[in-house]
Undergrad: 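Would you mind keeping the following structure in view while I ask a few things?
Position 1 is the first residue of the sequence; numbering continues from there. Model, not experiment: these values are computed from the prediction. When a ligand or atom number is given, it counts from 1 through the structure's own listing order.
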Amino acid sequence: MKEIAHKLISWYQHNKRDLPWRNTQDPYKIWLSEIILQQTRVEQGMPYYLHFIEKYPTVLDLAKAPEEEVLRSWQGLGYYSRARNLHFAAKEVVAIYKGQFPNTYEEIIKLKGIGEYTAAAIASFAFKEPKAVVDGNVFRLLSRLFNINTAINTGAGKKEFTLLANQLIDQSKPDLFNQAIMEFGAMQCKPKPICDTCPFQSICLAFEMQNIDTLPVKLNKLKIKERYFHYFHIEHDGGIYLNRRIEKDIWQHLYEMPLIESTSEMTEEQIMQSDAWKNIFADAKITIHHISDNLKHILTHQRIFAKFWKLSIGPEWHQNQALYQYVKDDELKIFPLPRLIELYFQKNT
Ligand code: SF4
């Protein structure tokens, strides 16, 4: 076991990428980078990390910022619950820990939005606590090195791999070990691994048994949900209407245009005859200028098909409607928007 840790650290010291969050022991910056990099590629996450560090240099600065501003800074990165939790946890650090980031795994994991992986990363990188990180890269490397067939997205799998990673960790250099094992999975034991130059080739059981391609095992539990969105771009006197999403759903607390949603495709006539249409427009006189093609927007568990209707409506509707917030075009930039809406505006305004 010690041999593996030693080789990983040595490999890391010769091959690591120079990433800005690796040159700090500030738990706040480490936390930011870890949250930003969840489900996000390094190249995509980097500008967001740099922007956050500049705009909110300390946890106190982040805690003081309005939530809408934080969401706006996050715009385009997706999985907005990460930003909401980040902001909430920053306020917890200020309220409970007087602005000092907690310094043990047990305390860190109590913060909102911080799971086992992130708590282990912060505790080991910032405070050298020997807690192993287990992310997708670690699952992949360990499953191959030890030829483990337990599915990684099951409770049993998480337990088995976490135990193994904690047996492997270098107790005196847990920060380096954790960085090394993740980097090795990201750079060498990739989905298509580079076995030719791998320092573990002689002991890798999957390599010996030639079943690298089947590992790690993952149960296919994901059911993709299809949703059909009809958005109404209602232009009026140099502005449009927006609605804040409040339900526990995708894009919570972000803004969008008035929407009719369905679980199957509906024709334009069906939309105009629906109760949802009457709820929004009542008997208002409507001129439809344009209806876009279906735009496909893919999220992890959902496939969204969106159509954008460009409309103008008679004056009574504007005086009487109470459902939506009227926003002047030049104020639009302060509202956090889902990427789908942002892209639409980029192409259509
Ligand atoms: Fe991964 Fe190949 Fe190295 Fe095995 S030999 S650990 S599969 S890179």
Undergrad: Taking atom types as modelled, find out whether S264 and E226 have a side-chain donor-acceptor pair closer than 3.5 angstrom.
TA: no
Undergrad: Enumerate, atom names and distances included, each donor-acceptor pair closer than 3.5 Å involving a side-chain atom of residues 119-129, sequence neighbours excluded.
TA:
unit_1: S124; atom_1: OG; unit_2: A120; atom_2: O; d: 2.8
unit_1: S124; atom_1: OG; unit_2: A121; atom_2: O; d: 3.3
unit_1: S124; atom_1: OG; unit_2: N178; atom_2: ND2; d: 2.9
unit_1: K128; atom_1: NZ; unit_2: D175; atom_2: OD2; d: 2.6
unit_1: E129; atom_1: OE1; unit_2: Y105; atom_2: N; d: 2.9

Undergrad: Less than 6.0 angstrom from the centroid, inside 45 degrees of the normal: does K112 satisfy that with respect to the ring of F88?
TA: yes
Undergrad: List in chain and number order the residues that pass side chain to side chain donor-acceptor pair (under 3.5 Å) with Q210, two or more places apart in sequence or in another chain; answer none if no residue qualifies.
TA: none
Undergrad: Suppose clustering is done on Ile, Leu, Val, Met, Phe, Trp and Tyr with side-chain heavy atoms closer than 4.5 Å. Which residues sit in the same group as L60?
TA: V94
Undergrad: Taking 2.8 Å as the upper limit, name the protein N, O or S atoms near atom 1 (Fe) of ligand 1.
TA: C189 SG
Undergrad: Hey, does D170 have a side-chain heavy atom less than 4.5 Å from the side chain of L8?
TA: no
